[in-house]
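What follows is a single structure, written as structure tokens, with notes after it.
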Amino acid sequence: MIMSAPPPASDSGRLFGAPLSSPAVRVLVDGLDDMVLDYAVPPGMQVQRGCRVEVPLRSRKTTATVLALVEGQHDYALKPVLRLIEEEPVISPVLMDLAEWAASYYATPVEQMLRCVVPEPVRRERHDEKTKKFVRLLRRPTDDELNKINARAPRRAAILRYLMESLEDGEYLSSLGGTSALAPCRALEAQGLLSLEERAVHRDPAGEETFVPSVPLHLNDDQQNALDVILQAFNNGDSKPILLQGVTGSGKTEVYLQAARQVISKGKGVLILVPEISLTPQTMSRFKSRFAEQPGTVAILHSAMSDGERFDEWHSIRRGRARIAIGPRSALFAPVTDLGLIIVDEEHDTSYKQENSPRYHGRDLAVVRARMERATIVLGSATPSLESILNARRGKYKLVRMDKRADERHLPLTRVLDMRSEPKDKRYHGILSERLRCALEDRLHKGEQAILLLNRRGFARALQCPDCGHMVICEHCALPLTYHLTENRLVCHICGYRAIVPECCPECNSRSILLAGYGTQKVETVLKRCFPTARICRVDADVTVRKNALRDILANFRAHCIDILLGTQMISKGLDFPGVTLVGVLNADLGLCVPDPRAAERTFQLLTQVAGRAGRGEVDGEVIIQTYSPQAAAIQFARRHDTDGFAENELGLREKFAFPPFSHLAVLTVRSEQEDLAAFALATLHKRLLAVLPSGVEISDPLPAPLPKAFGQFRYQCVLKAARARVLSDIVSAEINRLSPGDSVIVTLDIDAYNFT
Ligand code: ADP
Ligand code: ZN
Ligand code: ZN
């Protein structure tokens, strides 16, 4: 619910409470609804934008965030703000501006963006820093005293001895025996020997882990050059993004560490964004280790942390105690003070794009934040996004390269295996080639470990010929057509082109052309049949729902309690296992079967990352890539680790079809439990949009989405394409607001969409 309009004036016209021209504030009320209300500011209260306040709401009190100061525009009485929670604004002006910028770009209510800026546990405010009883020795007892105490109350003497030996300035009561130690301590307090006080404990999410301090490595020339470029930009207050393109293992993290060290030594703060943190714990622990001598310097922000931990870390960042904040996408809004440097690690990673509302892109907003704060920003990757590569080519970003591996490890041997020539053995369902099966058998026999990757994203329903690898694609977009069961047609989801389903392969006339794709469960069944004694573990999206589930699986795998780890791309990021000597990619081209302009790019990135990371231990690694389209550019360039070649080729195609990064795509989705309502609402929107969209903006026909039904709701969708994203945000959101389709229909607009299912 969005209530921008305050309650109506009393009908008598008489005013109660605050006079007309008194200062007032517009606040976002904490709670589930996005409620925006105005309140009067009592005389003498210094309220600023971004402050946290307490306000009356109906018969209760609630907390809220000040969105704006509004003056004298009310023709009715406002209730007053009750209390200013803190004089200092909790949200800095830059973060308020950033939220507003993002709200307008992504056509999202600013309230939703602010929810990201002030995380839930902070909004609830109730997690005042927890305190624990702390016992401090005030005076050392003499031996004589101690003996006397020991004679009467041995427990008290034991506590005293313990405290006398302590290396700290005291101990928490809990380490003296908890509540049972309270009475003896109180008695000793009465004797003036010790003091009992409440002490705030900072909940550190990495609290139980210890970090071995690490020392800076001597940088090689490439690394030194990258560091120089970053520090020069920092010293000049230059926020033109730096694209650090460094092959896997080139030592990018070491550069980040040394840059961060320099920046905090100048009194500035650092923000580091990483892909989903449970998959990349290494980056976090490397920062914790490097700054281990100053505990508290590095703060972690991460949704799997407890509310208390998040509250503490957030405030520690805001107060400027923690100077380096690390976290995934949402950490982009971390309240780092005096921000000097932002690093976006693995900038190409699609987890930076939020898949539900507000659908912002963390990397893109990081670039905006850097500009607003005049901070330096580094985007690092071995396989940069084409968006960033194009920006570098156009001179909007500064490109810095590191083309050699710092650790001098070999890249693993990579083989591309043509599945078209495999015998069609029913037992393996076209899942395992003989080559991969033998390799697995061999590695298991030697007691080594393997990872099997299933390249699957969304819901591939494309047609592919198992004999020649031909995939049925759209004439206009060169993207795979999606099979629609209901009308028995192939449809292009980007432009709306339709085709009949061929009875045999248009290339080779094979009659076995079929729907491509299988899931992890099916693979698991086949694997268990092939290797009955192997310990096989499957990871997919449902597994990761549970907190720490993935972390536990990865730990088990590291401890070699699992022989074969099977999963989708999500496990490719954690591919730093010394015991793994074999990585099999089961169906490299399935990722190409999705109607997504970035399908080839993602496949290339996945394969390159896999090939770059496998074989980290003593034994040389091996990568086997199974595919029906061995000639596909994504696969060939990945095999040669040729990022530039791929980018050149793919940018050519994207430009030809005017796909991103040469345009912006938005997905308009309508969902409803009643199919006709969803279809009708989208048809109506589509018709109105056709009338108002300026020329040059393309809109596809309204269609059932590639994923036509999910969570009990029917989904209808169309795709829009424009040279500028703003056109889409402004015009389409205006039409959505005009439609007011009722509660049973949900309309969403995903600007710069990464998901087309
Ligand atoms: P990237 O982040 O680019 O994939 P890493 O930072 O993980 O690369 O570095 C890969 C390996 O190389 C790590 O084990 C790291 O300790 C090592 N390394 C990095 N820089 C150096 C250096 N200058 N000298 C020696 N080893 C290095
Ligand atoms: Zn064929
Ligand atoms: Zn098309």
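Both ligands and their constituent atoms are indexed starting at 1 by order of listing.
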| field | Interfacing atoms of ligand 1 (cut-off 4.0 Å, heavy-atom, V247) | value | 3 (O)
| Taking atom types as modelled, is there a side-chain donor on Q605 or T383 under 3.5 Å from an acceptor on the other? | no
| Yes or no on side chain to side chain donor-acceptor pair (under 3.5 Å) for R639 and T414, after CA distance, side-chain angles and deciding distance? | CA-CA 6 Å; R639 190 174 62 83; T414 305; over 6 Å; no
| query | N/O to N/O below 3.5 Å, does that happen between G249 and ligand 1? | reply | yes
| request: Report, rounded to 10°, the angle at the Zn ion (ligand 3) between the two atoms SG (C492) and SG (C474). | output: 110°
| query | If we ignore angles and hydrogens, is there a donor and acceptor under 3.5 Å between the side chains of S381 and E347? | reply | no
| task | Please determine if the Zn ion (ligand 2) has an N/O/S atom from C504 lying under 2.8 Å away. | result | no
| task | List every atom of ligand 1 that sits less than 4.0 Å from any heavy atom of L219, numbering the atoms from 1 in the order shown and giving each element. | result | 23 (N)
| message | I need the atoms of ligand 1 closer than 4.0 Å to a non-hydrogen atom of R286, numbered in the order shown. | response | 5 (P), 6 (O), 7 (O)
| Angle at the Zn ion (ligand 2) (to 10°), with one arm to SG of C508 and the other to SG of C468 | 110°
| task | Establish, yes or no, whether a centroid distance under 6.0 Å links the rings of Y754 and H361. | result | yes
| Ion pair present between R498 and D701, side-chain N to carboxylate O less than 4.0 angstrom? | no
| Heavy atom of S250, distance to ligand 1 below 4.0 Å | yes
| query | Which ligand 1 atoms does L217 reach within 4.0 Å, using its non-hydrogen atoms? | reply | 16 (O), 18 (N), 19 (C), 20 (N), 21 (C), 22 (C), 26 (N), 27 (C)
| said: Are the side chains of Q609 and T248 in contact, using a 4.5 Å heavy-atom criterion? | reply: yes
| task | Just jot down the ligand 1 atoms closer than 4.0 angstrom to any heavy atom of H218, in number order. | result | 22 (C), 23 (N), 24 (N)
| message | For R401, is there an ion pair with D644 - N to carboxylate O distance below 4.0 angstrom? | response | yes
